[in-house]
Amino acid sequence: GSDSTCIVACEVAYWGGWDLFEEDTREPLAATLDCLIQGPEGLGIMVHEVRDAVREASLFDMIRAKGLIIQREQPLGEDELVEGQIGVWVLRRAAILAGS
């Protein structure tokens, strides 16, 4: 059997910071994705509405630091998304993409 995994994460990027004493959720989320997306067929799909573009970009930086590549699938193009837009991103291991 194969050890591939597909992780689907919807609306997990936003954290409003409503309570200063609550733990920031970005690093635990990046660590969880890193742990779960393994092997040549490991895949993650993230979908969320942009609510805080700067904060969400820093989450993507944390995910990239774990050795994952993030590719935006929707909407197509290179333009930065603005508040209210919904985006779809695919995450894979960097070494896997480099070898293909």
[X] [atom1] to [Y] [atom2] distance, which is reported to the nearest 0.5 Å:
| X | Y | atom1 | atom2 | answer |
| --- | --- | --- | --- | --- |
| Leu81 | Asp79 | CG | CG | 8.5 Å |
| Arg64 | Asp34 | CZ | CG | 14.5 Å |
| Glu83 | Glu56 | CD | CD | 9.0 Å |

**Asked** Mind checking what makes side chain to side chain donor-acceptor pair (under 3.5 Å) contact with Gln85, not counting sequence neighbours?
**Response** none

**Request:** Could you pull out all residues at least two apart from Asp52 that satisfy side chain to side chain donor-acceptor pair (under 3.5 Å)?
**Result:** none

**Prompt:** When clusters are formed by joining ILVMFWY residues with side-chain heavy atoms under 4.5 Å apart, either directly or through shared neighbours, do Val50 and Val47 land in the same one?
**Reply:** no

**Request:** Consider only side-chain heavy atoms of I, L, V, M, F, W and Y, link residues closer than 4.5 Å, and tell whether Leu36 and Leu68 are in one cluster.
**Result:** yes

**Message:** Looking at Ile37, is its backbone amide N or carbonyl O close enough to the side chain of Arg93 to form a donor-acceptor pair, meaning the two atoms are under 3.5 Å apart?
**Reply:** yes

**Prompt:** Which heavy atom in Gly42 sits nearest to a heavy atom in Arg92, and how many Å separate them?
**Reply:** O-CG, 4.1 Å

**Fill in**
Minimal heavy-atom distance between Pro75 and Gly87, with the atoms involved, is CD-CA, 4.2 Å

**Prompt:** Between Val90 and Leu43, is a side-chain contact (heavy atoms from CB on, under 4.5 Å) present by the stated rule, with each step listed?
**Reply:** CA-CA 7 Å; Val90 172; Leu43 175 74; 3.2 Å; yes

Indicate yes or no: at least one non-hydrogen side-chain atom of [X] is less than 4.5 angstrom from one of [Y].
| X | Y | answer |
| --- | --- | --- |
| Ile86 | His48 | no |
| Glu11 | Arg51 | yes |
| Leu91 | Ile63 | yes |
| Arg55 | Asp24 | yes |

**Request:** Please write out which residues are connected to Met62 in a hydrophobic cluster, directly or through intermediates, given that two of Ile, Leu, Val, Met, Phe, Trp, Tyr count as joined at side-chain heavy-atom separations below 4.5 angstrom.
**Result:** none

**Prompt:** Are Lys66 and Glu27 ion-paired here, with the side-chain N under 4.0 Å from a carboxylate O?
**Reply:** yes

**Complete:** Those residues at least two apart in sequence (or on a different chain) that pass side-chain contact (heavy atoms from CB on, under 4.5 Å) with Cys35 are none

**Prompt:** What residues form a side-chain contact (heavy atoms from CB on, under 4.5 Å) with Leu29, not counting sequence neighbours?
**Reply:** Val12, Leu33, Leu59

**Message:** According to ring pair (Phe, Tyr, Trp, His ring centres under 6.0 Å), does anything in residues 58-78 pair up with another residue at least two apart or in another chain? List the pairs.
**Reply:** Phe60-Trp89

